[in-house]
Each structure stands twice: as C-alpha cells, then as structure tokens.
There are 2 protein chains.
Amino acid sequence: MSTPYTRKSLTPDKIVDKALEIADAQGFEALSMRKLAGALGSTAMSLYNHVANKDALLELMLERVAAEIVTPDISGDWEETMRQRAHSMRAALLRHRWVPPLLISTITMGAASLRNIDATLGCLVTQGFTYAQADWARNALDSHVYGYTLQELNYPVSPEAYQTAAAQYLPMISKADYPFMHEAAVQIVDGTYDGMTQFSFGLELIIDGLKRWRDAP
Amino acid sequence: MSTPYTRKSLTPDKIVDKALEIADAQGFEALSMRKLAGALGSTAMSLYNHVANKDALLELMLERVAAEIVTPDISGDWEETMRQRAHSMRAALLRHRWVPPLLISTITMGAASLRNIDATLGCLVTQGFTYAQADWARNALDSHVYGYTLQELNYPVSPEAYQTAAAQYLPMISKADYPFMHEAAVQIVDGTYDGMTQFSFGLELIIDGLKRWRDAP
DNA sequence: ATGTCAAGTATACAGCGTAAGTCAAAAATA
DNA sequence: TATTTTTGACTTACGCTGTATACTTGACAT
C-alpha cells in the first residue's frame, strides 16, 4: 500500500533542495525550470509532475527559509526572545539573498510562517502585552529586520572595505553638491567613524521603546 | 506639412512617463519593452535609441520616484522633518508598488537619492547629532519605512476589510495549532482590536529613541 | 544637390514558463 | 501470473521576453 516508489527519481524535496542551492549560489534570476531540471539530470517538464508551477516551487522554497527562523519560546523572556528571533531572521535573509525581493510579490502563509507569528504573539501576550500591542510590536520589529536587511543587501561595499571604498569614492562626492556626505566620507577615511551601521542599534531602540510602552502605555 | 510621424517623437522623458504609467497601473511584470513601445505608438527597438537597455530605463524610473520624496529642510526641526520625510517615502512606495522589490536588485545612486540622503544627514548633523549618529539614525528610520511598507504591500487584506476578513478566516485559523493568532482574530471580530498596525507607531518609537540617544548617548 | 548622421524599423536569436501529447515502467487488479 | 490502470519522464511546440544586427528613412549642413 504505502510501498515507496523506486522509479521516483524526482521528488518535491529534491527539487526544492536543488532550487535553493541554485538560487543561493547564483541568484534568483538564474533559477530557470530548465536549468533546475538540468542540474537534477532531468528535463524541465518532468518537474511539473511534482510541482504545480514555478510559483508553487517558490512558495515551497520560501517555506524552507521560514523554517530556518527561530521559533520564539513562549515562556522565555520576551526581550531576549525577540532579539534572537530578529537576528535569526536577518541571518536567514542574508543566507538567501534572493528572498527579500519576493517577500512582496509572494504572500507566504505557509505553516512555518504561521507558527512563528503565533509563537511571537504568544511570547509577547504572556508577558504583559495586549493582543493589539503584540501585533504592533511584531510589526515594528519585523519592519526593522526587513528594512535593515534590504538596505544591507543593497549596499555595494562589504563592511571590511568601507574605509578604502570611502577613500576611493571621496573625490567623486562633490563637496559643493553633497557637503554632508562628503564630510561623512572624510570621517570614515580618517577613522573618526568606521562607517558601519549596526543592526542591533535600531533593534535595541525598538525593544527599549516597546518595553517603555508596555509599562506606561 | 505632416509626415506620418515626426522625427524625435520619442524622448527619454516620454518613455519614462509611459513606463511609470504602465508599471503603476499594471505592475512591473506587465512592463515589457514591446508593450511600452506599443503604448507609445512605436516599436520595441526604437526605445533603444533613447535608453541603453531595460535596466537603464528602470534606473530612470526609480530616479523619478526618488524625486517625489520630500527633501529635508536642513534648518528645520529634525523630528518633524524626519517624520515628513518618512511619510513621503512611504507614500511614494505605495504610489509605485513595483518599487520595493527592485530596491534590492538595483542600486539607486541617482542625483535625487543622493541629494535626499545628504539633506537628511545635514538636518541631523546641524542639530546635535554626530556624523556617525546621523548615519545610524537615517539607517534606522529608512529601515522602518522600507520594512513597514514591505509588510503593508504584502498584506492581502485592505484595512477597511479587516473585521470581515477576520470573521471569514477565523474558522480556518486552527485554535489548536495557532492559539494566539486565533485569539487575535477573535478580538478583531468582536471589535476589541481594529487589526490595524500603524506606520506612525514604529516611527515615533524610533524618533523618540533617537532623541533620547542624542541627549544621553 | 549631396553627404552625413541620427532615429525608426525589420528580422532574428536565445532564453523563458508551460500546455499538450506520447510512451514506458510500476502498481493494482484479476 | 497476466492484464489493466496509473504515473513519472520525455518531446514538441507556442507565445512571450530582452536585445544584437542590419537596413531604411527623414532632417539638416555643406
């Protein structure tokens, strides 16, 4: 009855595995059905026996990524729990750079996402937040994660290279047109400022504000 | 005298105009070079006499959007200025829903973007922030704008329909699997919570935190 | 009047997602 | 065991995409 197929050389799992591998390594635009099939030693149309279409495949991929995010411990200290969740979200987005652009066009309402949201609300609600407050808090925290990571991914220079990059670009930043950016670049070159924005800065700002809000709404 | 078409009927400006029109109305994936040319009464290849390629067109489009954002008044009160800038950024992103997905893949370093960033730094720096602080502050504020709008655009239900949508989906949110989301939905249905997250909430959280940080770093 | 140059157009190519149809192997049934 | 049914893989084909190449045409300077 439930004897496993020996002929199934392709399975949804294997397909999603390879799709993630390709997207992570070569970017999302490099992921075509033909290429994916080729990497699996098969042909494009064979994939459609296991995956409805490319959008469905995408949703499976996003669900995998969602599963990588730490599920909040409902009884854990909310501040530390939210911190960990935010950092693991950022890590997942950086690991899979192709995800952020898709977060808009694709509504991800898979089990992993829902479970995570539920646990997040749960953690906050059991520690003094109302449901409305918990929803707002999660929204504000997630906004920071998404927005910060978006900017981080967009940034053309790697953190180690800020100083040399600033030195290189400095002559191109017209002091007349962009006086403040120019001065900022100068400060990065001379070491006054290392040029690194920090994920934790905004995160702690928000956590701190949430704490204050909960205690004195 | 009038020939069937007058020379130079196409200009970069006209092309970008129409491209924005199509993308705003029908989404980004609906914008193809052939379709765009057709809407301009021309053919696809004609566009290439005025625009290097589709990516270059995109950059022009993004630059137009960037120009819609309020340029901070350097001598204005920083709190109010940042508030206005954030709101106008969000408005621009909502007006052009196709933008956010592209913010990652396309580095926008056009004049309008640079001018805005420069003015933002300037406003903060002239009011007591160091350059490093100003950079962090801008980054945190922009993170909120991008992240919040991203979630807002992704959300499948319009704000007016939250209550009816919650009532509709309630039976589908398993109380066993997602107890907290279930309760949240209940509270939206019974009116305890209107289900609306608010852009200003997170924004004020951050502004408040920045103020505190500047005064006691 | 003629030559030059820029703008418009036609054709073509490689790639895409995927609908439709074919075929052979595995599973179910007899 | 023999036969039927189901299913996964494959081939072909269609309409779409961005754009390279080559050709034509209109406008203007000499």
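Proteins get letters first, then strands, A, B, ... in listed order; numbering begins at 1 in each.
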Nearest-Å distance for atom pair [atom1]/[atom2], residues [X] and [N]:
X	N	atom1	atom2	result
A:Leu36	C:dT18	CG	P	12 Å
B:Leu47	D:dA20	CG	C1'	15 Å
B:Leu31	D:dG18	CG	C1'	12 Å
A:Phe28	C:dG17	CZ	C1'	12 Å
B:Glu29	D:dG18	CD	P	12 Å
B:Lys54	D:dT17	NZ	C1'	8 Å
A:Leu57	C:dC16	CG	P	14 Å

**Q.** Face-on cation placement of A:Arg90 at A:Tyr148 ring, 6.0 Å and 45° thresholds
**A.** no
(Q) Whether A:Lys54 engages the ring of A:Phe28 as a cation-pi pair (distance to the six-membered ring centre under 6.0 angstrom, angle to the ring normal within 45°) should be assessed. (A)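 Output yes; distance and angle both within limits.
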Between the protein and nucleotides 10-14 of chain D, which nitrogen or oxygen pairs come in under 3.5 angstrom?
from   : atom 1 : to      : atom 2 : distance (Å)
D:dC10 : OP2    : A:Ser42 : OG     : 2.7
D:dC10 : OP2    : A:Thr43 : N      : 3.4
D:dC10 : OP2    : A:Ser46 : OG     : 2.9

Q: Verify the neighbour count for atom CZ of B:Arg64: are there more than 12 heavy atoms of other residues, nucleotides or ligands below 6.0 Å?
A: yes
(Q) Using OP1 and OP2 only, check whether a side-chain N or O of A:Ser9 sits under 4.0 Å from D:dA9. (A)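 Result: yes.
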Q) Between A:His50 and D:dA9, is there a side-chain N or O to OP1/OP2 distance below 4.0 Å? A) yes
Q. Salt bridge check: are B:Asp13 and B:Lys18 linked by an N-O gap of less than 4.0 Å?
A.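 Looking at B:Lys18 together with B:Asp13, the answer is no, because their closest N to O distance does not fall below 4.0 Å.
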Q: Answer yes when A:Lys175 and A:Glu183 have at least one side-chain N-carboxylate O distance shorter than 4.0 Å, and no when they do not.
A: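 Judged by the 4.0 Å cut-off on N to carboxylate O distance, A:Lys175 and A:Glu183 do not form a salt bridge.
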**Q.** Side chain B:His182, main chain B:Ile173, donor-acceptor under 3.5 Å
**A.**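 Flag set: sc B:His182 to bb B:Ile173 pair under 3.5 Å.
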Q.
Looking at A:Asp24 and A:His96, would you say the former's side chain and the latter's main chain have a donor-acceptor pair under 3.5 Å?
A.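 Absent.
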(Q) Categorize B:Leu40 for me: base, sugar-phosphate, or nothing, with a 4.0 angstrom heavy-atom threshold over every strand shown. (A) nothing
Q. When you measure from the side chain of A:Tyr48, which nucleotide among D:dT19, C:dG17, D:dA9 comes out closest?
A.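 Nearest listed nucleotide: C:dG17.
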